[in-house]
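One structure is given below, encoded as structure tokens.
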Protein chains: 2
Amino acid sequence: MSLGDRKRTILRAVIIDYIDTAEPVGSRTIAKKYEMGISSATIRNEMADLEELGYLEQPHTSAGRIPSDKGYRFFVNELMELQRPSSYEIEAVRNFFDRTTIDEIDNIIKQISKVLSSITQYTSAVLSPSVKKSSVKSIQLIQMSLTDIIAVIVTDTGIVRHCKIKIPKPISSNTLTAINNMLNEKLTGLTIEDIDLSVISSIQLEMKGYNEILNSIIPVLNESLKSFDCDIFLDGTTNIFHYPEYNDIEKAKNFLSLLEHKEKLLDIFSEDDSNITVSIGKENIYDEVKDCSIVKASYKIGDKTLGKIGVIGPTRMNYAKVIGILKYLTDTLNYILKNQLDE
Amino acid sequence: MSLGDRKRTILRAVIIDYIDTAEPVGSRTIAKKYEMGISSATIRNEMADLEELGYLEQPHTSAGRIPSDKGYRFFVNELMELQRPSSYEIEAVRNFFDRTTIDEIDNIIKQISKVLSSITQYTSAVLSPSVKKSSVKSIQLIQMSLTDIIAVIVTDTGIVRHCKIKIPKPISSNTLTAINNMLNEKLTGLTIEDIDLSVISSIQLEMKGYNEILNSIIPVLNESLKSFDCDIFLDGTTNIFHYPEYNDIEKAKNFLSLLEHKEKLLDIFSEDDSNITVSIGKENIYDEVKDCSIVKASYKIGDKTLGKIGVIGPTRMNYAKVIGILKYLTDTLNYILKNQLDE
DNA sequence: ATTAGCACTCAATACATTAGAGTGCTAACA
DNA sequence: TGTTAGCACTCTAATGTATTGAGTGCTAAT
């Protein structure tokens, strides 16, 4: 069902005011501050309707109204005007990128997380590309000492990983080259999760002479790649203290404890959806964030989704601003990644 | 000046009780709970003396006493009995190490940080070895694609670093080998901070033919190594909520904000001192931690100090337990590092 | 030197009062 | 018939007041 024009205007005003002040909004405030041209009594009637329809709530009988999750949802879908980043914010993003050496994707997204939290004043989270779903672009073994070799892997998603492998006895450079070539031949183009027993045994089959050395390398390499899939970078974790909803020590504690549980955050941010998603309060699947809102977006290279970048904060979030910034930031990021990695 | 025996006993009892309960301790409590064999009135007199001497404080006239920074200091230096880790704690440490793949130092100390915060229930901080003060053990350039090479550096402190370098035009494998050899010859054994203009120009002098390619590699390499010296890993940041002194939202906020300022923490933890140090409240140099205590210890390889591992929490800290655990943990860590890296 | 006893202090708690913001309803009005 | 002025009502937040109790400091007796 669709709301009448006047109800929409009033609902929008209530939400905007509440996002701004964090105080329940009364009918007089609306009438005066937003120049509706109608009396507070009329607004009161409309607000009573809006409450009945579930868009507004009353903390107690004699208080003003605050938006419900449903209210925010309607606001996000139908009422708000997306806010373009201010020139100040655009400047801030530029500066950040200018100061960052753009080499590896991990560094880039760590920086992005910083920018995002600093200009939104919420907590930002950035999910790095999945190692498992990346494919091998190149892999090189190098000998660092008699007992150690280091494997370096570069993926199509721009991730560079190294891992140190102890070997039982010294290895000739010819052998290393041979293994190197074989690994590249067999693994290049495969995603990490595709590297299974059959691939591994096919390598071992073709390199019968090197069994002992292969057995010390491959399991370590395999485990190292698979043990550590995505990482999540947070920033602005103490930003929540800006918002009165977290003046309650219990609330703050819950929020911050969530941030310490990376697995949970990974779950929350890994959900597969493309483009920008907004989850408001109880819409969230996980209990821990049922009184938070999460806005997140995918960043990509070409049309392959690499990871997520998002913001987490109170349901009373400045959605118009956050979504605007997030759009701008992912566009910038996608552009950089494309030029950087797609060659 | 030295305190009389009875005063010492009373002071110890007050501090132990306060560390346990976080409530100001009254004379009756001491008399009853700690079976002094003297009356509360006598204890009152002694406590008044201890206050005059600066070891105890009174939040207000009709409250019990709480230890002052000076009181804690005296306790740490003279009164406390160091607490050996419980068998449960030892077990926890063992488990952690068994589950961790011990390869690179960064992984090890990240894990250590987790163990430390989990068994102390304070916030732990671990300072990684300084890159600048590490010396190059081996350096290898590898070609990943026509436009990218990756440099991998291993230091005597066990740090493995890689950095990606864009090159203007393809490079032959012979050239790469030549540069590789030269870099190793010139840099091995030098600390990173010793790599200055004179070293670099000596390399360029001896490799006149490769000037163009060297110019694209060396600055990037140099910057990458020097830009990022130590890192600090935190864990258990929300542990402070266990302690009533942080029930005040302002206090919690200050504490957590400090933790977001890595530079400050780096300063605090980098101070050069060996072995175990305890800084109590106002003894700390930095304002931000003047109502906290910090206990930290060095970890080493042989007798070279690599970094720090420590705990930060309220001045009402269980010093006896924390110091005991920290001793045990650094011993374990030093042992592992020695076997792992010193070959 | 120690201790019992007592008057005193002060934070914390509970309770009562008030002020004010905001509502819902009714009746009058355009 | 939709809008509005007006008013009684509700409920929180703020403020003031009394009470309680833990703990002290001092004094006088042991």
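Quick note on labels: first sequence line is chain A, next is B, and so on, each numbered from 1. The analysis underlying the following values was restricted to heavy atoms, covering all of them including side chains, and did not include hydrogens, waters or symmetry mates.
- One donor-acceptor pair, N or O on each side, does fall under 3.5 Å between the base of dG24(C) and the side chain of Arg44(A).
- Glu46(A) has its CD atom 11 Å from the P atom of dT4(D), to the nearest Å.
- Distance Ile30(B) CD1 to dT24(D) P: 10 Å, rounded to the nearest Å.
- Spacing between atom NE2 of His60(B) and atom P of dT24(D) amounts to 10 Å, rounded to whole angstrom units.
- Looking at the side chain of Glu51(A), the nearest of the listed nucleotides dT3(C), dG24(C), dG25(D) is dG24(C).
- Taking 4.0 angstrom as the limit, Ser39(B) places a side-chain polar atom (N or O) nearer than this to OP1 or OP2 of dT3(C).
- Tyr34(A) and Thr9(A) form no side-chain donor-acceptor contact under 3.5 Å, judged by distance and modelled atom types alone.
- Distance Asn247(A) CG to dA13(D) C1': 16 Å, rounded to the nearest Å.
- Electrostatic pairing of Arg73(B) and Glu283(B) counts as a salt bridge here, judged by a charged N lying under 4.0 Å from a carboxylate O.
- Taking atom CD of residue Glu23(A) and atom C1' of nucleotide dT12(D), one finds them 12 Å apart after rounding to whole Å.
- A sub-4.0 Å separation between OP1 or OP2 of dT4(D) and a side-chain N or O of Arg28(A) is absent.
- Taking the six-membered ring for Trp, Phe255(B) and Tyr246(B) have ring centres closer than 6.0 Å.
- Ring pair Tyr243(B)/Tyr122(B): centre-to-centre distance below 6.0 Å.
- When each of Arg65(A) and Pro59(B) is assigned the nucleotide of DNA chain C with its nearest heavy atom, Pro59(B) is the one assigned upstream, toward the 5' end.
- Atom C1' of nucleotide dA1(C) and atom NZ of Lys7(B) are separated by 12 Å, given to the nearest angstrom.
- Listed nucleotides dC11(D), dT4(D), dG22(C) differ in distance to Thr42(A); the shortest reach to its side chain belongs to dT4(D).
- One can find a donor-acceptor pair under 3.5 Å joining the base of dT9(C) and the side-chain atoms of Ser62(B).
- The separation between Ile43(B) atom CD1 and dA4(C) atom P is 11 Å, rounded to whole Å.
- Checked by atom type, the side-chain pair Ser124(A)/Ser113(A) shows a donor-acceptor distance below 3.5 Å.
- Residue Thr61(B) places at least one side-chain N or O under 4.0 Å from the OP1 or OP2 atom of dC10(C).
- The residue Ser27(A) sits close only to the backbone: its heavy atoms come under 4.0 Å of sugar-phosphate atoms, none of a base.
- Residue Glu52(B) contributes atom CD, which lies 16 Å from atom P of dT24(D) at whole-angstrom precision.
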